[in-house]
Amino acid sequence: MSVISDLINLNLSECTKKIIAEYIWIGGSGTDLRSKARTLSGPVKDPSELPKWNYDGSSTGQASGEDSEVILHPQAIFKDPFRRGDNILVMCDAYTPAGDPIPTNKRHNAAKIFSNPVVAAEEPWYGIEQEYTLLQKEVNWPLGWPIGGFPGPQGPYYCGTGAANAFGRDIVDSHYKACLYAGINISGVNGEVMPGQWEFQVGPAVGISAGDEVWTARYILERIAEVAGVVVSFDPKPIPGDWNGAGAHANYSTKSMREDGGYEIIKKAIEKLGLRHKEHIAAYGEGNERRLTGKHETADINSFKWGVANRGCSVRVGRDTEKAGKGYFEDRRPASNMDPYIVTSMIAETTIVWKP
């Protein structure tokens with residue numbers, strides 16, 4: 001194994017200018033991540049310098065066998081924390097050979113919304129709180145839980161410490177540092193209410209970059225868990241019963257909200273979100289009805305309400321924002337398996353562009 005470890009950690013810059021680019025894309029389920037690597041002649045600084053590539057869409061559920069070629073368009077570059085050096089991770093979106101976005105390409109439409117001059121002028125900022133659960137690979141049961149049994153009730157696990165309360169911190173901390181190395185604006189991590197469940201936060205990120213960074217952070221997490229032999233679950237309610245679900249709360253502000261008088265803009269934006277509640281819920285992740293029950297720090301999926309410092313609401317405004325009269329709000333409805341391209345662009349479209 002030491003030989004393999006040595007080879008994995010080879011410093012290619014000592015012998016060649018060539019680099020390895022890992023192309024990443026979203027698979028046919030809309031939640032799975034795929035990737036493959038290619039050699040490039042030298043370091044690259046901008047996605048426009050990268051070649052398009054293709055893959056077999058019939059093997060990912062994204063094309064038929066008779067016409068299987070899907071084209072990858074490089075969109076964002078990050079430093080590769082696994083290969084290091086000048087090697088890179090490349091977040092891509094996928095198109096038909098004719099140039100049309102395939103159905104699972106949600107980035108294309110999001111980019112159109114964020115490039116709208118009215119939206120761009122508002123400089124939408126996002127902070128995404130991505131929750132997830134670590135599972136024992138062989139039994140598909142949360143890490144740290146007795147096989148076939150349950151741990152003690154919730155209470156000591158949120159931001160908990162010690163072997164009896166925190167399970168998987170080595171994975172979490174490795175992921176935290178790997179994201180910082182990659183250039184992702186990861187702003188923090190913490191243990192969550194249910195044991196074996198964790199959260200990382202990405203942001204502030206502007207516009208389309210929020211989706212690029214969350215998806216790449218998910219990819220890095222999956223790769224680390226792969227090495228650790230642990231499964232990452234983004235299921236919004238992995239364990240039924242009196243256990244917290246997993247969400248992806250979206251903190252959001254616009255330029256107008258961040259300026260003096262912004263609190264009135266925030267209230268008008270929240271009112272618009274309430275008017276389109278059903279449309280947002282339909283786009284906020286699969287299985288969210290199992291999570292949004294009105295219990296475990298959620299609002300019921302069929303109702304919309306907002307409040308200050310209230311974690312039982314659909315949308316929460318912080319005390320600091322209320323006091324300052326400007327700032328941001330938190331949409332608590334998105335599920336952990338949501339597509340950040342859809343959620344971020346939809347919030348911007350509803351609050352900035354949409355007219356009731």
Side-chain angles (χ1 to χ4, degrees), residues 18-78 80 87-120 124 126 205-219 222-223 234 279-280 282-286 337-350 352-354:
K18 293 179 180 180
I19 68 161
I20 301 172
E22 189 80 27
Y23 279 44
I24 305 164
W25 71 95
I26 299 161
S29 70
T31 57
D32 62 309
L33 284 160
R34 311 285 180 126
S35 75
K36 62 177 183 173
R38 68 182 299 166
T39 305
L40 301 177
S41 59
V44 175
K45 294 184 178 180
D46 191 88
S48 63
E49 302 174 45
L50 290 165
K52 296 175 184 176
W53 206 6
N54 65 73
Y55 67 91
D56 172 15
S58 69
S59 295
T60 63
Q62 293 170 297
S64 66
E66 294 75 26
D67 187 14
S68 65
E69 193 168 284
V70 180
I71 312 301
L72 292 172
H73 290 209
Q75 299 293 354
I77 290 176
F78 300 91
D80 187 338
N87 303 300
I88 54 175
L89 303 178
V90 184
M91 192 66 217
C92 305
D93 58 355
Y95 296 80
T96 67
D100 299 317
I102 65 173
T104 49
N105 179 357
K106 307 304 181 185
R107 190 188 192 280
H108 179 80
N109 185 63
K112 288 200 296 184
I113 292 170
F114 285 122
S115 63
N116 181 323
V118 178
V119 176
Y126 298 90
V206 181
I208 196 70
S209 66
D212 291 335
E213 293 192 24
V214 170
W215 273 116
T216 305
R218 286 176 174 177
Y219 173 81
E222 292 278 15
R223 285 281 305 275
F234 293 105
E279 291 90 337
H280 278 256
Y284 273 16
E286 294 295 324
N337 60 5
M338 63 83 173
D339 187 324
Y341 293 132
I342 295 176
V343 169
T344 56
S345 61
M346 194 173 191
I347 291 173
E349 184 180 42
T350 294
I352 301 172
V353 180
W354 184 68

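- Between the side chain of Thr216 and the backbone N or O of Glu213, no donor-acceptor pair lies under 3.5 Å.
- Crowding of Glu286 atom CD: a count of heavy atoms from other residues, nucleotides or ligands under 6.0 Å not exceeding 12.
- Scanning all heavy atoms of the two residues, the minimum distance from Leu40 to Ala21 falls at CD1-CB, 3.7 Å.
- Scanning for salt bridge (Lys or Arg N to Asp or Glu O under 4.0 Å) contacts around Arg34 gives Asp32, with sequence neighbours left out.
- Side-chain contact annotation: Ser35 with Tyr219, donor-acceptor N/O pair under 3.5 Å present.
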| query | What's the verdict on side chain to side chain contact (heavy atoms under 4.5 Å, CB included) for Val353 and Val119, showing C-alpha distance, side-chain angles and the deciding distance? | reply | CA-CA 7 Å; Val353 180; Val119 176; 3.4 Å; yes

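- The side chain to side chain contact (heavy atoms under 4.5 Å, CB included) search around Asp100 returns Thr96, Ala98, not counting sequence neighbours.
- If you run side-chain hydrogen bond (donor to acceptor under 3.5 Å, both in side chains) between Asp93 and each of His73, Lys106, Gln75, only Gln75 comes through.
- Taking the six-membered ring where the residue is Trp, the centroids of Tyr341 and His108 are separated by 6.0 Å or more.
- In this structure, Pro340 and Arg218 approach most closely via the heavy-atom pair CD-NH1, 3.8 Å.
- No donor-acceptor distance shorter than 3.5 angstrom exists from the side chain of Thr350 to the backbone of Ile347, with no hydrogens or angles considered.
- A salt bridge is defined here as a Lys NZ or Arg NE, NH1 or NH2 lying under 4.0 Å from an Asp or Glu carboxylate O, and Asp212 with Arg107 meets this definition.
- Gln62 and Tyr55 share a side-chain donor-acceptor pair at under 3.5 Å.
- Note that the OG1 atom of Thr344 and the OH atom of Tyr126 stand 5.0 Å from one another [nearest 0.5 Å].
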| field | Pair Asp67-Ser64, side-chain hydrogen bond (donor to acceptor under 3.5 Å, both in side chains): steps then yes or no | value | CA-CA 5 Å; Asp67 187 14; Ser64 66; 5.8 Å; no

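- For the 3.5 Å distance criterion, the side chains of Trp215 and Asp339 qualify, holding a donor opposite an acceptor.
- Atom NZ of Lys18 has 12 or fewer heavy atoms from other residues, nucleotides or ligands within 6.0 Å.
- Tyr284 is listed as a side-chain neighbour of Val343, based on a closest heavy-atom distance under 4.5 Å.
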